[in-house]
Amino acid sequence: MLNIVLFGPPGAGKGTQSAKLVEKYNLIHLSTGDIFRYNMKNDTELGKLAKSYIDKGELVPDEVTINMLQAEVEKYPDAAGFIFDGFPRTTAQAKALDAFLESKNTGITLMLALEVPEEELIKRLLLRGQESGRSDDTDETIIRNRIKVYNEQTAVAANYYNEQGKYHAVQGVGSIDEIFERLCHIIDAHSMII
Ligand code: UDP
Ligand code: MG
């Protein structure tokens, strides 16, 4: 399997690049943020719980997110691989994901981390907020808190993958196609050696 963690701060372009990667490599895209938003839209219990965190730009508790993610993976027993977008967001989540994938006799192949300067992120998110109306993208205070939470709780999860030799940083500024090329280059180089 080809299991990719697509990593990076809010607004780094994970969703955009995931859509292109899914097509090229025939993967299943799992975005925990999208799943939370789907539940919020349908006003499920999970949606109500998630909303109380998302509205503040905080993380939904690990256990809730991990259980939800595992249930999603279970829906695709024949998948050629997954792109995990926006997950794991903490080292505890990364460890839980490893244990879970191991129980399925698979594991994470690579972490691709999109790097984008903070002011560029804020610009992109405010623009996305205008277009999508996503409430956590329209308020600069919430955006700044999301970036703070990313820096304090999420960025460290990259160390976990780095220790396993799986971490690859990718410059996330440029055209969508340029960034996509950079990601494909790493994936293809990796596929050659296994
Ligand atoms: N979120 C979370 N855990 C996740 C995914 C999302 O807690 O695994 C929450 C968190 O509050 C985050 C929001 O959902 O700020 C939006 O996440 P998403 O990944 O969609 O935003 P992005 O980082 O892609 O802009
Ligand atoms: Mg996203």
Side-chain angles (χ1 to χ4, degrees), residues 4-22 27-42 44-73 82-98 100 108 111-158 160-161 170 172 176 179-180 183:
I4 296 173
V5 172
L6 192 56
F7 198 72
K14 302 184 293 292
T16 306
Q17 294 297 333
S18 289
K20 293 173 74 72
L21 290 168
V22 159
L27 305 172
I28 302 289
H29 176 217
L30 292 185
S31 158
T32 41
D34 287 351
I35 303 166
F36 285 136
R37 278 184 289 281
Y38 176 83
N39 278 278
M40 281 157 60
K41 207 174 86 193
N42 291 290
T44 66
E45 285 308 310
L46 176 63
K48 283 179 213 160
L49 176 77
K51 188 172 165 36
S52 64
Y53 295 94
I54 290 176
D55 281 352
K56 291 182 278 186
E58 303 289 339
L59 293 183
V60 178
D62 282 345
E63 204 191 315
V64 175
T65 310
I66 291 163
N67 288 338
M68 177 183 85
L69 190 276
Q70 292 182 355
E72 284 298 313
V73 170
F82 293 90
I83 294 190
F84 299 103
D85 160 2
F87 181 92
R89 257 179 157 85
T90 62
T91 304
Q93 290 181 9
K95 288 181 178 165
L97 179 61
D98 263 3
F100 173 66
I108 292 299
M111 166 185 265
L112 302 171
L114 291 168
E115 296 192 326
V116 177
E118 190 162 319
E119 289 313 307
E120 169 73 15
L121 295 173
I122 293 167
K123 240 176 31 198
R124 288 186 191 179
L125 290 168
L126 286 169
L127 190 69
R128 183 168 82 183
Q130 281 171 20
E131 287 160 1
S132 72
R134 237 180 88 169
S135 57
D136 61 341
D137 283 346
T138 43
D139 182 327
E140 192 167 332
T141 317
I142 299 177
I143 290 176
R144 288 198 183 269
N145 193 43
R146 284 160 63 200
I147 294 172
K148 181 166 171 275
V149 167
Y150 175 83
N151 289 331
E152 289 175 1
Q153 298 180 49
T154 303
V156 290
Y160 178 76
Y161 292 94
V170 177
I176 290 173
I179 298 164
F180 182 59
L183 295 170

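Just so you know, ligand 1 is whichever comes first in the structure, and atom 1 is the first atom listed for that ligand.
Applying the ring-ring contact (aromatic ring centres under 6.0 Å, His included) test to F87 and every residue at least two apart in sequence or in another chain returns nothing. Take Y150 and apply the ring-ring contact (aromatic ring centres under 6.0 Å, His included) test, not counting sequence neighbours, and it matches F7.
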Requested in this report: Show your reasoning for whether salt bridge (Lys or Arg N to Asp or Glu O under 4.0 Å) applies to K51 and E58.
Outcome: CA-CA 10 Å; K51 188 172 165 36; E58 303 289 339; over 6 Å; no
Report task. Check the pair T44 / N42 against side-chain hydrogen bond (donor to acceptor under 3.5 Å, both in side chains), numbers first and verdict last. Result -> CA-CA 6 Å; T44 66; N42 291 290; over 6 Å; no
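Each of P10, G11, K14, T32, G33, F36, R37, I54, E58, L59, V60, T65, G86, R89, R128, R134, D136, R146 has a non-hydrogen atom positioned under 4.0 Å from some atom of ligand 1.
Sorted by first then second residue, the ring pair (Phe, Tyr, Trp, His ring centres under 6.0 Å) pairs that include residues 121-149, not counting sequence neighbours, number zero.
Using modelled atom types, one side-chain atom of T32 and one backbone atom of G86 make a donor-acceptor pair closer than 3.5 Å.
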